[in-house]
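Notes to accompany the following structure.
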Amino acid sequence: MTNHSNHPFHLVDQSPWPLTGAIGAMITMTGLIKWFHQFNNSLMMLGIIIMILTMIQWWRDITREGTYQGLHTKFVTKGLRWGMILFIISEVFFFISFFWAFFHSSLSPTIEIGSYWPPSGIQPFNPLQIPLLNTAILLSSGVTITWSHHSLLNNNFNQTLQSLFFTILLGLYFTILQAYEYIEAPFTIADSIYGASFFMATGFHGLHVMIGTTFLITCLMRHYMYHFSSFHHFGFEAAAWYWHFVDVVWLFLYMSIYWWGS
């Protein structure tokens with residue numbers, strides 16, 4: 001491939017990773033169904049391994065194109081920015097559906113659940129215990145990722161590295177506390193619309209925290225290898241946008257499901 005062209009855009013080379021990613025997703029989904037019905041997760045683990053290997057190699061190729069080959073021009077970066085913005089907007093509407101289900105059920109509870117909220121027999125979480133701690137953790141992580149971004153803009157390598165590391169630690173801490181909360185939960189996803197809406201909304205948020213943490217770990221490794229500069233670091237910026245989105249969604253979850261809903 002040659003870098004010489006009469007346009008500023010990047011026409012990507014042929015790649016096997018979309019195909020392997022699709023195969024990995026299909027195997028994971030099939031493995032999930034097998035796990036649910038036969039209590040055997042071996043096929044699901046195979047699919048997850050394929051997807052992880054695909055991500056590593058696909059991101060490696062994108063890193064090479066943007067960092068070493070100079071293919072991410074100003075026009076390409078602008079397209080990437082709009083792509084990330086539209087992706088986050090789609091994620092906003094994804095979570096709106098869960099909030100819609102929650103408020104639809106809680107503002108007008110049906111007779112089947114006792115005509116009041118929370119439904120009869122449901123013992124909700126105390127919003128002033130683990131949920132409040134998790135709120136403080138995510139708000140703190142929003143501060144550290146902003147600190148990291150400003151340090152990168154000011155060419156402060158060590159502070160960028162340290163604050164990004166703290167953000168990852170806070171993300172992992174949040175995930176551990178969320179898992180502990182699930183283990184100790186006095187209700188399940190099968191316990192009426194309350195259990196279903198609670199675990200779907202908080203569960204998908206937890207999944208987004210794990211995805212965001214993966215993005216930040218990737219950015220930490222790239223920063224350590226000097227891939228970012230003060231004017232060329234969209235990979236980091238996209239991960240920071242995503243992390244702020246995760247923070248804001250949690251605030252709405254805390255205020256509506258944990259605090260108001262209890």
Side-chain angles (χ1 to χ4, degrees), residues 24-49 51-52 90-138 171-214 242 245-262:
M26 182 183 69
I27 292 174
T28 304
M29 191 66 241
T30 310
L32 270 170
I33 297 168
K34 182 183 179 185
W35 184 29
F36 292 160
H37 288 277
Q38 299 182 3
F39 305 104
N40 183 337
N41 63 4
S42 56
L43 190 62
M44 182 190 73
M45 296 307 297
L46 174 64
I48 290 173
I49 290 169
M51 287 201 296
I52 290 172
S90 73
E91 293 280 87
V92 168
F93 281 94
F94 176 77
F95 278 100
I96 283 174
S97 65
F98 295 126
F99 286 110
W100 187 292
F102 177 79
F103 284 112
H104 173 79
S105 304
S106 60
L107 292 173
S108 182
T110 62
I111 194 170
E112 288 84 3
I113 59 174
S115 298
Y116 60 90
W117 194 266
S120 178
I122 294 289
Q123 179 188 347
F125 288 102
N126 185 341
L128 300 180
Q129 293 179 349
I130 289 180
L132 184 60
L133 175 58
N134 268 344
T135 303
I137 289 168
L138 274 192
L172 293 172
Y173 187 28
F174 175 92
T175 305
I176 291 167
L177 285 175
Q178 191 79 47
Y180 175 75
E181 184 180 70
Y182 277 13
I183 292 168
E184 297 293 316
F187 56 90
T188 71
I189 195 171
D191 285 325
S192 78
I193 184 63
Y194 185 92
S197 58
F198 175 87
F199 281 105
M200 286 296 287
T202 60
F204 270 111
H205 176 267
L207 177 65
H208 282 70
V209 170
M210 289 188 281
I211 292 170
T213 306
T214 306
Y242 190 83
F245 157 73
V246 167
D247 284 355
V248 171
V249 169
W250 175 258
L251 289 177
F252 281 101
L253 280 173
Y254 177 76
M255 288 187 293
S256 58
I257 294 180
Y258 284 101
W259 181 59
W260 180 85
S262 65

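Numbers here are sequence positions counted from 1. Heavy-atom basis, side chains included; hydrogens, waters and symmetry copies ignored. Every value quoted in this text rests on a predicted model; they were computed, and no experiment measured them.
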Roughly how far, to the nearest 0.5 Å, is the CG atom of L43 from the CG atom of L32? 9.5 Å
With a 4.5 Å cut-off on side-chain heavy atoms, are W259 and P131 touching? no
Test of understanding: with ring-ring contact (aromatic ring centres under 6.0 Å, His included), list the residues that count as partners of F102, not counting sequence neighbours. W117
Donor-acceptor check, side chain of Y182 to backbone of G203, threshold 3.5 angstrom: yes or no? yes
How many angstroms lie between atom CE of M200 and atom CD1 of I193, to the nearest 0.5 angstrom? 10.0 Å
Using the test side chain to side chain donor-acceptor pair (under 3.5 Å), find all partners of S108 that sit at least two apart in sequence or belong to another chain. none
Do F252 and H205 have ring centroids that are under 6.0 Å from one another? no
Contact summary for G24 and M51, nearest pair of heavy atoms: C-CG, 3.6 Å
For residues 91-107, which residue pairs pass the side-chain hydrogen bond (donor to acceptor under 3.5 Å, both in side chains) check, not counting sequence neighbours? E91-H208
Can you name the nearest heavy-atom pair linking A201 to F95, along with the distance? O-CE2, 3.9 Å
Measure the CD1-CG distance between I130 and L177 for me, rounded to the nearest 0.5 Å. 6.0 Å
Nearest heavy atoms of G261 and P118, plus distance in Å: O-CG, 3.5 Å
Among side-chain atoms of Y258 and T202, is any donor-acceptor pair under 3.5 angstrom? no
In Å, rounded to the nearest 0.5 Å, how long is the span from CE of M45 to CD1 of I48? 5.0 Å
Spatial distance of atom CG (L172) from atom OG1 (T213) [nearest 0.5 Å]: 5.5 Å
So with a 6.0 Å cut-off around OH of Y180, is the heavy-atom count from everything else above 12? no
If you measure from OG1 on T175 to CG on L207, what distance do you get to the nearest 0.5 Å? 10.0 Å
Closest heavy-atom pair, N40 versus S42, reported as atoms and distance to 0.1 Å, is OD1-OG, 2.8 Å
Please say which of F204, F187, F99, F98 ends up in a ring pair (Phe, Tyr, Trp, His ring centres under 6.0 Å) with F198. F187
Close side-chain approach of E112 and P119, heavy atoms under 4.5 Å: no
Minimum-distance pair of heavy atoms, taken over all atoms of L138 and V246: CD1-O, 4.4 Å
Quick one: do Q178 and E181 satisfy side chain to side chain contact (heavy atoms under 4.5 Å, CB included)? Show the steps, please. CA-CA 5 Å; Q178 191 79 47; E181 184 180 70; 3.1 Å; yes
So, for Y194 and I257, which heavy atoms are closest and what is the spacing to 0.1 Å? OH-O, 4.2 Å
Report yes if the side chains of D247 and W250 come closer than 4.5 Å at any heavy-atom pair, otherwise no. no
For the OH atom on Y173, are there more than 12 heavy atoms of other groups (residues, nucleotides or ligands in this structure) within a distance under 6.0 Å? no
